[in-house]
Every structure is written in structure tokens, then in C-alpha cells.
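Structure record follows, encoded as C-alpha cells.
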Amino acid sequence: MAGFQSLPGFREFFPEDFSRRQHIFRVWRQSARAYGFQEYDAPVLEPLELYKAKSGDEIEAQLFSFTDKGGREVALRPEMTPTVCRLVGEKAGALKRPIKWFSVGEFYRYERAQKGRLRAFNQFNADIFGEAGPEAEIELIALLIQCLAGFGLTKDDFLIRLSDRDLWFFYLEALGLDDTQSRALLGAIDRYEKMGDDAFKGYAEAHGVLAEETKARVLAFLKIKSLPDLEAILRPFESEKLAARLADWRKVLGGLAAMGLQDFVSVDLAVVRGLAYYTGFVFEAFDRKGDLRALAGGGRYNDLIRKLGYADLPAVGFAIGDVTTGLLLEQRGLAPTFVNAPDVYAVIGGEAERAAAFADICALRAAGWRVDYPLKDVAFGKQFKIAAEAGAKLALIYGGDELAKGVVKIRDLSDRSEREVPRDQVVVAVREALGGGVE
RNA sequence: GCGGCCAUAGCUCAGUUGGUUAGAGCACAAGAUUGUGAUUCUUGGGGUCGCGGGUUCGAAUCCCGUUGGCCGCCCCA
């Protein structure tokens, strides 16, 4: 063994792993295109300042950052949001609205690897810019659902938990807390699910013990699981802000219900999301059965583009990671087995038949089919075994008997049926047998 | 950054109180098998036991260090 190891938290993708990853990327891309999103990409290496500007100096500890040979402070991208904000910001005036963009790329974080968390990972990012209303949330959450349902996952497998940072701030304000207190309390609320009552200790040390009645109201808010419950709890407050948020909630949940997606989404105000730049709705996708990390997360960040020095442009976005998604698909038996299976495997009798087979193999490949054959003479029986193990759909049989008759035998490897076709109709016959065009 | 557990073939593992040349199953390759796929049999390749040091006549085995993995904490954009 010995030699070299890959760096901690970095993965190597042998063909089997690569095909699983490609399957994930393919579902994401198909989903995004179906929803009318356009794909973009951007540099993997960025100025360190781009991330400090968004998240503060302490972020540097979790970045792959260094000084390049030109003395520039740089970092491998830990996320897409600042980059895509820059891209959109640069051309904000020239882009048709709404701007619906997505990307698939690799990201890097200098953290200790854990289950579902590595130092290099892939993310699908989707964002809508230029739409301030909750219509953007409907579109994005629907896309997120499709990005998971596209693998064959159902409402029994995952759940989108929808929350709202603005609603929390307005609610806490109505309870009499100021902005600093509210921010501190949201930190406690974020930890409440995991730590229970201890989560409030930090808040008590900084801002004094929370009044029992306030705490009870906060905990009641956390328990809300439906829109009627939310409406009921907010009814006593005469707040225009709260009423406006509630109207947005009705729109988002109503829109998703109209799409038939209501079973995928739950009101859950326990989701706060650590990052302070979220300004409204926030949401996360979770595995319903297991104890995996979040599958996806996102929300509205209306101020970020302006804070980075560009136009004032509202934005909503989310990201899905490939690591947790891969684990979930594995657990559910939804990881594909034969992503790179050939369409056709040519079974070749011997050297004499090889030339005839080559002509057809080449023609089929030029037409776009995936075609494979044994490089050297192999026993007939073994060739069928190889074809079946590779996952080929059809075997084309080039034996002495067939060629003498001017035909090729086509064997359907799934039902073992066979038929003979004239040599000059092989491409047509393969197209018929495989049902239409090349992917 | 902190703590716990672990490291033997490509994979899953066995390896006795420290004792000759470190094993099995699976996988891979060749053959039995020159015309039809999940069987069977035979044979073969593949390991300086993660790496470095120490104790010992002798270390996969005991000790120390180190690297990596898993799990948890912090963090989670």
C-alpha cells in the first residue's frame, strides 16, 4: 500500500462512485431545466475578502485560504451565494427578471469530516433574483421538492420544514423584546431542539432570565405545525407586520398545495438557520426516517447583494449537497446500478467475424449508441455473461452461421428473445429494439 | 480546535498466552468450455499487517509517536 493518500475529507471517484454522482447531478440538472432555471458556473478560487465581507472574519478558520504567488489573499469557495451575488450584481441592470439560475459545483470547507460532511463536496444551488414576493418561494420550494422526488424519494422519505426569520422578529417584537434580545433568543431557539431548556442558558447570562410568560409563548410558537395554528396564535396581536407576513405564508402554502405538494411541506418555526443574512422565509429539507444531516437548506436574503456593493436586488435561494443525498439514496436502495451500461454488446464468434462486427459497431457508435465488445477472442458463453453483467440491453451476435446468411442475430438480454435481421438493417433494428432515439 | 473508538489483500474479516513461509470468503484473472447469461470445479495474481520508533532472542500481536478513518462536541454558509 503506502505511497500517497488523498487529503482528509476529499473523495476519489472510481467509475462506480462517479456514475452514482453523475446520476445525482443529472436529476438536479433535469429538475432545474424543467423549472426554467439556467445553468452558470464561476471560479473555484475567489478573493478571501468576498467571504469575509459576507460572514465576518471568523469564517476564515473554516476556509481553505492561502496567499497566492502574487501576494493575493485567496480562498477556495465554501459556498456559491457570494459568487452568484457578484455575477448577478455585475449585470443586474441587463438581466431579464425574474433571474432564475442554478449551478452544480464543488465546494471546500476546512472542517473536521463527519458523517455527511466532508472537506470537498458538491452542491446544487438554485436562486431567484429580482422577485420580492412569495411567488419566488413557491417556485424554489417546488424545485427543491422535484430535486429530491426526481430520485424516487417520496413524501414518506423527506420533509421540507418552512420557517420565517422576519416572522420571528416581528413576533418577538410584539412580545416586547428589542432587536439585540431577539437575535440572541433566535440563537437559543436554534439550539432548543437539540439541547432542550439548556439552550436558554446563554441568553439568560447575557440578557437576564426570560420572563416565564414570554418563554411559554416562544415555546408555543415553536410547536406550531400548521397554518391554522399559526393564524390562531397570531390573532390576538394587532400588528400590521405580522398580518403581512401571514398573508405571504398563505400564498406560499396555498401555491404549493395547488401544485399538489402540500404533503412535502410543514410549518416548523424551530428552523432558524444560523446565518444572520436571511431576511424572511427559511427552509430546510430533512430525511424523515433517519438521523442524517439536513439534505438541503435555503431562504430569502434580500440585503446581501446590496451589502456586497451592488444593486438592491431581492433574492431567494437554496443548496442541496451530494454527500447527504448520496447517503439517503443508498439507504433507500435508490442508488443506480447501471448508469454507464452499454446499450449494445457485440458477441463476436472469432477473428473471421470480427471485421463484419467492427463495421456495425462503428456505425452504431456514430449514431450515438453505447456499444462495447470483447477486445480479444472470448468463448461464446462467456461473452453473454460479460454482456449481462455490464447491464447491456441488447446482444448483437456475429457468428459464422449468421454472417453466412447475411444476417445478425439480436438478442434482448432482458427477456432472452432473439430475432435475425439483415446486416444492412442493424442500425434501424437496434433503434426499434431500444425504443426510439439516443439519449 | 477538543474528546472517544479503530487501522491485516480491491472489499468484509480471522489470526490462540509474542514463536517458522500471515489465512478465509467475496472480487479479479486463466482454464475446464470454439454457439447462448445468475451454477460447479481447477489454477493463479495480489499483503514489507497504515507509517515511524521502542521493548524482546523473536512483534500483525506489547509500549510510544504519527497519519488516516469512523463517531460525538464546536461550527454548519
Side-chain angles (χ1 to χ4, degrees), chain A residues 1-12 14-17 46 50-56 58-63 75-85 107-119 121 123 125 127 187 190-191 194-195 202 271-278 282 284 291 293-299 301 304 317-321 323-324 327 345 347-353 374 376-404 409-418:
Chain A
M1 206 177 288
F4 298 97
Q5 295 175 308
S6 64
L7 260 15
F10 282 74
R11 289 172 292 176
E12 290 163 337
F14 286 83
E16 202 180 319
D17 312 307
E46 291 275 22
L50 181 63
Y51 304 110
K52 282 189 177 176
K54 178 191 157 200
S55 309
E58 60 283 3
I59 197 75
E60 196 173 345
Q62 280 150 38
L63 290 176
L76 286 167
R77 62 185 183 191
E79 59 166 327
M80 197 50 131
T81 307
T83 300
V84 70
C85 284
F107 298 87
Y108 310 87
R109 294 180 188 174
Y110 199 86
E111 297 179 294
R112 192 63 165 257
Q114 276 176 42
K115 187 178 187 183
R117 183 167 86 176
L118 300 170
R119 287 186 169 182
F121 54 94
Q123 271 191 352
N125 276 262
D127 297 89
D190 194 25
R191 291 185 189 87
K194 193 185 270 183
M195 298 168 63
V271 172
V272 178
R273 295 190 67 75
L275 262 273
Y277 66 76
Y278 284 113
V282 289
E284 294 186 344
D291 50 355
R293 311 175 74 81
L295 290 161
Y301 51 100
L304 189 57
F318 73 83
I320 318 181
V323 182
T324 310
L327 286 171
Y345 193 90
V347 173
I348 301 171
E351 275 311 311
E353 292 79 23
K376 290 187 165 177
D377 282 355
V378 174
F380 237 77
K382 198 161 242 179
Q383 292 190 54
F384 286 99
K385 191 177 171 185
I386 292 168
E389 284 176 350
K393 301 176 190 79
L394 298 179
L396 290 191
I397 302 163
Y398 292 88
D401 300 348
E402 286 80 6
L403 293 186
K409 198 182 274 179
I410 298 184
R411 180 180 176 87
D412 187 317
L413 291 167
S414 57
D415 63 12
R416 304 188 178 208
S417 64
E418 290 184 346

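Just so you know, these numbers use all the heavy atoms, side chains as well, and skip hydrogens, waters and symmetry mates. Chain letters run A, B, ... following the sequence lines, proteins first and then strands; every chain starts at 1.
Side-chain atoms of A:R112 and base atoms of B:rG1 include no donor and acceptor less than 3.5 Å apart. Side-chain N/O atoms of A:R109 and base N/O atoms of B:rC76 include no donor-acceptor pair closer than 3.5 Å.
Distance check on atom P: B:rG68 versus B:rC76 gives 25 Å, rounded to whole Å. The same atom, C1', is picked in B:rG47 and in B:rA7; the two are 14 Å apart, to the nearest Å. B:rG72 sits 38 Å from B:rA29 when the P atoms are compared, rounded to a whole Å. Atom name P, nucleotides B:rG23 and B:rC73: the rounded distance is 43 Å, in whole Å. On the P atoms, B:rG50 is 33 Å away from B:rC41, given to the nearest whole Å. Rounded to whole Å, the separation between the P atoms of B:rG45 and B:rC63 comes to 36 Å.
Note that the CZ atom of A:R117 and the CZ atom of A:R112 stand 10.5 Å from one another [nearest 0.5 Å].
In this structure, A:Q383 reaches neither bases nor backbone, as no heavy-atom distance under 4.0 Å exists between it and the strands shown. When heavy atoms are screened at a 4.0 angstrom cut-off, A:D401 is found touching base atoms of the nucleic acid. No engagement by A:I386 is indicated, since no non-hydrogen atom pair under 4.0 Å with the nucleic acid exists. Residue A:G9 is classed as a sugar-phosphate contact, given heavy-atom separations below 4.0 Å to backbone atoms only. Heavy atoms of A:G349 sit nowhere under 4.0 angstrom from any nucleic acid atom. Here A:G399 lies in heavy-atom contact (under 4.0 Å) with a base. In this structure, A:D412 reaches the bases: a heavy-atom distance under 4.0 Å links it to at least one base atom across the strands shown. Backbone-only contact: A:R191 has heavy atoms under 4.0 Å from sugar-phosphate atoms and none from a base. Residue A:E16 is classed as having no contact, given no heavy-atom separation below 4.0 Å to the nucleic acid.
The main-chain N or O of A:E111 is found under 3.5 Å from a side-chain atom of A:R119 such that the two form a donor-acceptor pair.
Remark: A:R117 is not in phosphate contact with B:rG69, judged by side-chain N or O atoms under 4.0 Å from OP1 or OP2.
Distance NZ (A:K382) to C1' (B:rA32): 10 Å, rounded to an integer number of Å. Regarding A:E111, its CD atom lies at a distance of 17 Å from the C1' atom of B:rG69, rounded to whole Å. Straight-line distance from the CD1 atom of A:I348 to the C1' atom of B:rU34: 14 Å, rounded to whole Å. Rounded to a whole Å, the OH atom of A:Y278 is 7 Å from the P atom of B:rA77. Nucleotide B:rG31 holds its P atom 11 Å from the NZ atom of A:K376, rounded to whole Å. In this structure, the CG atom of A:D415 is 19 Å from the P atom of B:rU36, given to the nearest Å. At whole-Å resolution of the value, NZ in A:K385 and C1' in B:rG35 are 17 Å apart.
Inter-residue side-chain proximity for A:L304 and A:T81 is flagged as met; some heavy-atom pair is nearer than 4.5 Å. At a threshold of 4.5 Å between non-hydrogen side-chain atoms, the residues A:Y301 and A:V282 do not count as touching. Counting heavy atoms from C-beta outward, A:R11 and A:D17 have side chains that stay 4.5 Å or more apart. Looking only at side-chain heavy atoms (C-beta outward), A:E60 and A:K52 come within less than 4.5 Å of each other. Side-chain atoms of A:F121 and A:T324, non-hydrogen and from C-beta on, never get closer than 4.5 Å to each other.
The aromatic ring of A:F380 sits over the base of B:rG35, with ring centres less than 5.5 Å apart and planes tilted by under 30°.
The nearest heavy atom of RNA chain B to A:P8 and to A:Q62 marks one nucleotide each, and the one closer to the 5' end goes with A:P8. Nearer to the 5' terminus of RNA chain B, by closest-nucleotide assignment, is the contact made by A:F10 (compared with the other of A:F10 and A:P78).
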Annotated structure of RNA chain B as dot-bracket, pair cut-off 3.5 Å, Watson-Crick or G-U only, | for inter-strand, is (((((((..((((.....[...)))).(((((.......))))).....(((((..]....))))))))))))....
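Residue pairs meeting the side chain to side chain donor-acceptor pair (under 3.5 Å) criterion with at least one member in residues 392-402 of chain A, sequence neighbours excluded: A:D343-A:K393, A:D360-A:Y398.
By the salt bridge (charged side-chain N to carboxylate O under 4.0 Å, His left out) test, A:E418 is found to be paired with A:K409, A:R411, residues two or more places apart in sequence or in another chain being considered.
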